[in-house]
Amino acid sequence: MESPSVQDILGENAWLYIGATVVVLWFIVWLYRDSLEIEELTDKYVFVTGCDSGFGNLLCKKLDRKGFRVLAGCLTEKGADDLKRSAGPYLKTVLLNVTNQDSVQKAMEFTKNEVGEKGLWGIVNNAGCSLPMGPSEWMRVEDFQNTLKVNLNGMISMTMTFLPLIKKARGRIVNVASVLGRVAANGGGYCISKFAVEAFSDCLRRDINYFGVKVCIIEPGFFRTAVTSLDPLERELHRLWNQLSPDVQASYGDKYLDKYIKVQRLIMNAVCDSDLTKVTSCMEHALTAVHPRSRYSAGWDAKLLWIPLSYMPSCVVDIGLKLVLPRPSKSV
Ligand SMILES: *[C@@H]1O[C@H](CO)[C@@H](O)[C@H](O)[C@H]1NC(C)=O
C-alpha cells in the first residue's frame, strides 16, 4: 500500500501552506530572539560620543535612568555641565574632541581608570557633523575633508583606541551612520563619510565577532537635530556660493541658490521627525539585547523611503532628484 503524499493530506496548495508556515514560524522565533535582554545593567559602563545635544545627549539620560554607568564625551564645557545637571550621580562627563588623537587617548585613559578590570561594555560612536552640504561642484577639497575628519577619522580613532577595553568586556560597538550612508543624495563630505562608516563597521563586525564583540550600525532617517538644522545649512550654502568663481556662478544662474534653499526647506520641514527616541531606542536595543542586530533603521522615512530606494537601480534616485531639485540656468 502506498503512503499518502503531502498533496493528498493538504490538498493542491500544499507547498504554499508549508512555505507560509515556515515564514510565520521563522518570524516568531526571530521576534522572540530579538526580545531577549541581558541582565545586570548596573555594573556595565557605556561610553557615548557627541553628547552635547541630539541623539547622544538623549541617549545618555536614558541609559543613566536604566542604571548603566554612563561616560559621556562632550565637545564643550557647557554641553558637559548641562548634561551633568540633568542626570543622576553616576553619569560622568569627559571633554572629548574626536578629531584630536591626544584628546581621544586621554578619554581612553580616563575610561580605563573608571571601568577597571571589567572592561567597557559599550561604545556609541555618535559624534558627527553634516556641514557643508550642497551641490558637489561648490565644494573645495577642505570642505569634504572637514566632515570626513569628524565622521570618519574620528570614529575610526575612537573605535581603535577603545577596542582593547571593549574586547575585555566582550562588549558592543554601536556606530551611527545614516540613511545617507545607503543613498548618496547630497554633495559634500556627509554621504561619503556615512558610506565609509557602513564599510568600516561591516568589516569590523566580520573580523571581531570571534572574540564575542558585536558591532551594530544605526541608520537614522531625517530627525530634528543640529545635523539637519536649517540656519547653519543655509549659512554654509551662502558661504559655498560666495567662494565660487563668477564663471561657475553664472553657469548656475543667480536664482539657483534661492530655489535650492527653498526646496531644501520644504523637504526638511516635511520629513524631519522630532521624536529622537526612535533613534535612541535602537541604540538601547543594541546595548541591551542578547542578540543585537547588525543594522537598525530608525524613522518612517528610513523604513519606507530610503532603505527601499537603496535597493533600487541608480536611475530611480537620479530621476527623483532631477524632478525635485532646481536646474542650473546653463544646463545642457
Ligand atoms: C578639535 O581638534 C582639532 C585638531 O586638534 C582642532 O583643529 C579643532 O579646533 C578642535 N575643535 C574644537 C571645537 O576644539
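One-based numbering, in listed order, for ligands and for the atoms of each.
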Closest non-hydrogen protein atom to [atom], residue and atom name please, with distance?
atom: atom 3 (C) of ligand 1; value: Thr99 OG1, 3.4 Å
atom: atom 1 (C) of ligand 1; value: Asn97 ND2, 1.4 Å
atom: atom 5 (O) of ligand 1; value: Asn100 ND2, 3.2 Å

So does [Y] get a backbone contact from the side chain of [X], meaning a donor-acceptor N/O pair under 3.5 Å?
X: Asp143; Y: Arg140; answer: yes
X: Ser310; Y: Ile307; answer: yes
X: Ser178; Y: Glu219; answer: no

### Message
Can you confirm whether some protein heavy atom lies under 4.0 Å from atom 9 (O) of ligand 1, or whether none does?
### Response
no
### Query
Any protein heavy atom sitting closer than 4.0 Å to atom 14 (O) of ligand 1?
yes
### Message
Please evaluate residues Ile123 and Asn125 with respect to the criterion side-chain contact (heavy atoms from CB on, under 4.5 Å), reporting the C-alpha separation (whole Å), side-chain torsions for both, the decisive distance (0.1 Å), and the verdict.
### Response
CA-CA 6 Å; Ile123 182 167; Asn125 283 307; 4.1 Å; yes
### Message
If I take atom CG from residue Leu31 and atom CZ from residue Arg33, how far apart are they, to the nearest 0.5 angstrom?
### Response
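Leu31 CG to Arg33 CZ: 12.0 Å, rounded to 0.5 Å.
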